[in-house]
Amino acid sequence: MADILIRNGTVIAIDDERRIIPDGAVAIEGDRIVAVGPSEEVARDHPARETIDAGGMAIMPGLVDSHAHAGHGLIKTMGGGRSDLWYRACQGAYTVGSTPEFWHAEAQLAALERLRFGVTTGVSLLGGGDSVMRTDEPVYGDAHMEGVLGIGTRSVVVVGTTRPPHPLTYAHWEDSVRLDRAVSFEQQLSTCQTLVDRWHRTHEDRLHVALLTPTLHQEHLDTRGAEDAIAQSRKVKRLADDRGLLFTQDGHTRGSVRIAREIGILGPRTLLSHATGLDESEIAICAETETRIVHNPSAVASILARCPVPELLDAGVVVAIGSDATAPDRSADMFRHMQQCMHYHRTHFHDPSWLPPGKVLEMCTIDAARVLGLDHEIGSLEPGKRADIILVDLRRPHLYPANMPEFRVTYFANGNDVHTVLVGGRVLLRDRNPVNVNEDAVLDAAQRETELLIDRLGLRDLLVTPDMFWRHSRDTSLIE
């Protein structure tokens with residue numbers, strides 16, 4: 001007997017046949033899918049203890065967010081759009097201003113946002129930018145992991161080392177007293193190893209750990225610390241390979257892929273984020289090495305230079321979509337980012353034929369699972385895979401009339417249309433309400449820890465509405 005039967009919905013399976021089943025069902029035993037097909041057939045063969053009526057809804061695999069940042073959820077909008085001020089908040093928070101309570105509260109807030117938007121698996125870098133990681137000691141990563149566990153979603157938590165020179169100044173707080181200490185590359189690497197040993201593939205495989213080193217650009221190779229930076233990247237990549245971990249780097253652009261190949265850190269288990277301004281030779285490098293790419297169409301990096309997604313796809317590179325969330329100006333709503341992705345590239349080519357909606361939906365499901373090395377477990381609705389499933393309410397004014405659902409969920413849906421979410425066969429969101437967590441408690445903890453951080457670092461000035469917020473066609477303060 002099945003544990004759960006979801007029936008009477010439109011199944012968008014994203015399986016090998018890309019089946020769309022108008023009156024479809026999914027049967028679940030334990031944490032696995034055991035059947036996908038027409039409702040009458042699946043119900044006949046798999047009577048269940050619990051039945052979920054998905055009438056008027058799309059039954060889909062859970063969405064995957066392939067690139068985001070832990071910590072950002074409590075810092076979004078600070079600085080009023082000025083990158084230098086916002087990075088000031090990030091730099092302070094992720095090195096000297098945050099406490100374990102901060103990381104726990106932010107992890108819960110971000111995971112709850114993902115859950116509500118139907119994101120069942122997400123990548124979260126434990127810090128901001130490509131070289132500000134809270135890996136001076138394991139307690140911060142521990143707090144983040146515990147926070148995610150309390151919500152119940154899957155997470156790939158990325159930890160890593162920072163750009164030399166070392167040591168770097170980090171701080172922890174005891175009774176509101178800041179205590180500084182110098183942290184070496186070796187200490188950061190030891191923290192990463194501890195978090196891998198403690199958390200990787202634990203809790204029914206819901207938590208994974210990945211490793212990161214800073215992206216190296218030519219400007220970094222022209223400095224005195226270049227040899228150390230190269231050696232450290234290679235050392236972390238070897239550790240990732242030895243432990244079977246995903247290795248990732250943030251902020252690749254304009255020549256950095258060539259540098260990464262020369263260093264020897266590319267390959268099928270390497271995921272490069274942003275990847276903007278790539279030329280033909282770098283696209284070919286990604287294809288030859290089977291390096292994976294995560295495109296963040298809503299990020300500032302995609303404004304400054306373009307990620308050549310169609311060209312990468314045509315070269316045979318696997319590309320996923322990331323939110324780069326949840327700050328400074330974007331959310332974890334992957335429906336929003338799918339729509340942004342389509343318009344971004346169609347605008348570039350002045351041609352609406354690029355990136356059909358089915359392709360971008362793949363980039364948030366099966367292709368995203370593939371870049372994380374998890375496509376044998378998640379990313380589609382198929383027997384044997386984990387029961388990570390979302391129901392999207394199609395009976396909404398902006399999603400009617402009820403035809404061509406595969407178009408409607410991509411072109412018109414948003415995260416607030418997600419009605420029900422299951423992760424590993426457990427219902428975590430039912431009728432848009434989280435089942436296992438007190439949402440008010442999560443919000444209150446997030447507010448409290450944000451206020452404490454602002455006071456510790458003296459960031460009140462970053463909360464002032466900019467002078468050119470109203471009545472101007474351009475805020476020139478953002479480019480000063």
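Given the structure is predicted, the values throughout are model-derived calculations rather than measurements. Numbers here are sequence positions counted from 1.
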Quiz prompt | Thr253 OG1 to Leu304 CG distance, which is reported to the nearest 0.5 Å | solution = 8.5 Å
Practice problem: For Asp197, enumerate each residue passing the side-chain hydrogen bond (donor to acceptor under 3.5 Å, both in side chains) test, keeping only those at least two apart in sequence or located in another chain. | Solution: Arg243
Quiz item: Excluding sequence neighbours, so at least two apart, what forms salt bridge (charged side-chain N to carboxylate O under 4.0 Å, His left out) with Glu137?
Solution: Arg181
Self-check item: Sequence-distant partners of Arg292, salt bridge (charged side-chain N to carboxylate O under 4.0 Å, His left out), two or more places apart
Solution: none
Quiz item: Is the closest basic N to carboxylate O distance between Glu439 and Arg116 below 4.0 Å?
Solution: yes
Self-check item: Worked check of side chain to side chain contact (heavy atoms under 4.5 Å, CB included) between Thr420 and Asp431
Solution: CA-CA 6 Å; Thr420 300; Asp431 196 15; over 6 Å; no
Practice problem: First locate atom CG of Leu149, then atom NE2 of His104, and finally report the distance between them rounded to the nearest 0.5 Å. | Solution: 8.5 Å
Practice problem: Output all residues satisfying side-chain contact (heavy atoms from CB on, under 4.5 Å) with Lys76, sequence neighbours left out; order by chain, then residue number. | Solution: Leu109, Glu113, Thr326, Ala327
Exercise. Could you give me the CA-CA distance, side-chain angles and deciding distance for Trp173 and Phe102, then say whether ring pair (Phe, Tyr, Trp, His ring centres under 6.0 Å) is met?
Key: CA-CA 12 Å; Trp173 294 78; Phe102 170 95; over 10 Å; no
Practice problem: Would you give the length of the straight line joining atom OG1 of Thr213 to atom CZ of Arg234, rounded to the nearest 0.5 angstrom? | Solution: 11.5 Å
Quiz item: Step by step, would you call His252 with Ser256 a side-chain hydrogen bond (donor to acceptor under 3.5 Å, both in side chains)?
Solution: CA-CA 6 Å; His252 269 273; Ser256 59; 2.7 Å; yes
Exercise. Could you tell me whether Arg134 sits above the aromatic face of Tyr140, with NZ or CZ closer than 6.0 angstrom to the six-membered ring centre and within 45 degrees of the axis?
Key: yes
Quiz item: With Val96, which of His172, Gln91, Arg178 fulfils side chain to side chain contact (heavy atoms under 4.5 Å, CB included)?
Solution: Arg178
Exercise. Just jot down the side-chain contact (heavy atoms from CB on, under 4.5 Å) partners of Glu204, sequence neighbours excluded, or say none.
Key: Arg206, Arg426
Practice problem: Could you give me the CA-CA distance, side-chain angles and deciding distance for Ser273 and Asn296, then say whether side-chain hydrogen bond (donor to acceptor under 3.5 Å, both in side chains) is met? | Solution: CA-CA 8 Å; Ser273 177; Asn296 302 286; 3.1 Å; yes
Quiz item: Run the side-chain hydrogen bond (donor to acceptor under 3.5 Å, both in side chains) check on Ser477 and Asp475 step by step: do they pass?
Solution: CA-CA 5 Å; Ser477 68; Asp475 186 348; 2.5 Å; yes
Quiz item: Between Leu221 and Ala226, what is the shortest heavy-atom contact and its length?
Solution: O-CB, 3.5 Å
Quiz item: Does Asp393 have any side-chain hydrogen bond (donor to acceptor under 3.5 Å, both in side chains) partners at least two apart in sequence or in another chain, and if so, which?
Solution: Arg432
Quiz item: For Phe412, what residues pass the side-chain contact (heavy atoms from CB on, under 4.5 Å) criterion, not counting sequence neighbours?
Solution: Leu399, Arg408
Self-check item: Least distance between heavy atoms, Ala287 atom then Ala315 atom
Solution: CB-O, 3.5 Å
Quiz item: Should the ring pair His274 and His67 be called parallel, tilted or perpendicular, given that the plane angle runs from 0 to 90° and is split at 30 and 60?
Solution: perpendicular
Practice problem: Taking side-chain hydrogen bond (donor to acceptor under 3.5 Å, both in side chains) as the test, write out the residues that go with Gln340, two or more places apart. | Solution: none
Quiz item: If you take all heavy atoms of Ile33 and Ala387, which pair is closest and at what distance?
Solution: CG1-CA, 3.9 Å
Quiz item: Should Arg32 and Glu382 count as an ion pair when the cut-off is N to O under 4.0 Å?
Solution: no
Quiz item: Between Leu272 and Val257, is a side chain to side chain contact (heavy atoms under 4.5 Å, CB included) present by the stated rule, with each step listed?
Solution: CA-CA 9 Å; Leu272 306 184; Val257 171; 3.9 Å; yes
Quiz item: Does the pair His295 and His345 meet the rule for a ring pair (Phe, Tyr, Trp, His ring centres under 6.0 Å), with working shown?
Solution: CA-CA 11 Å; His295 173 41; His345 295 284; 4.9 Å; yes
Practice problem: State which residues pass side-chain contact (heavy atoms from CB on, under 4.5 Å) with Arg269; sequence neighbours excluded, sorted by chain then number. | Solution: Leu246
Practice problem: If a pair satisfies salt bridge (Lys or Arg N to Asp or Glu O under 4.0 Å) and one of its residues is in residues 144-155, list it, with sequence neighbours excluded. | Solution: Arg154-Asp388
Quiz item: Would you call Asp455 and Arg460 a salt bridge, using N to O less than 4.0 angstrom?
Solution: yes
Exercise. Might you confirm whether atom CZ of Arg254 has over 12 heavy atoms from other residues, nucleotides or ligands at distances under 6.0 Å?
Key: no
Self-check item: Closest heavy-atom pair and its distance - Ser331, Ser323
Solution: O-CB, 3.5 Å
Practice problem: Can you establish whether the number of heavy atoms outside Lys359 located under 6.0 Å from its atom NZ is more than 12? | Solution: yes
Quiz prompt | Criterion side-chain hydrogen bond (donor to acceptor under 3.5 Å, both in side chains) on Thr169 and Asp180, from CA distance to verdict | solution = CA-CA 7 Å; Thr169 298; Asp180 288 0; 5.8 Å; no
Quiz item: What class does the angle between the rings of His72 and Trp86 fall in, given that below 30° is parallel, 30 to 60° is tilted and above 60° is perpendicular?
Solution: perpendicular
Quiz prompt | Residues forming a side-chain hydrogen bond (donor to acceptor under 3.5 Å, both in side chains) with His144, sequence neighbours excluded | solution = none
Self-check item: Pairing residues for Glu290 by the salt bridge (charged side-chain N to carboxylate O under 4.0 Å, His left out) criterion, not counting sequence neighbours
Solution: none
Quiz prompt | Heavy-atom pair with the smallest gap, counting every atom of Gly80 and Pro466 | solution = O-CG, 3.5 Å
Quiz item: Does the pair Lys237/Asp241 count as a salt bridge with the N-to-O cut at 4.0 Å?
Solution: yes
Quiz item: Which atoms form the tightest heavy-atom contact between Leu266 and Ala260, and what is the distance?
Solution: CD2-CB, 3.7 Å
Quiz item: With the threshold set at 4.0 Å, does a side-chain nitrogen-carboxylate oxygen contact exist between Glu377 and Lys385?
Solution: no
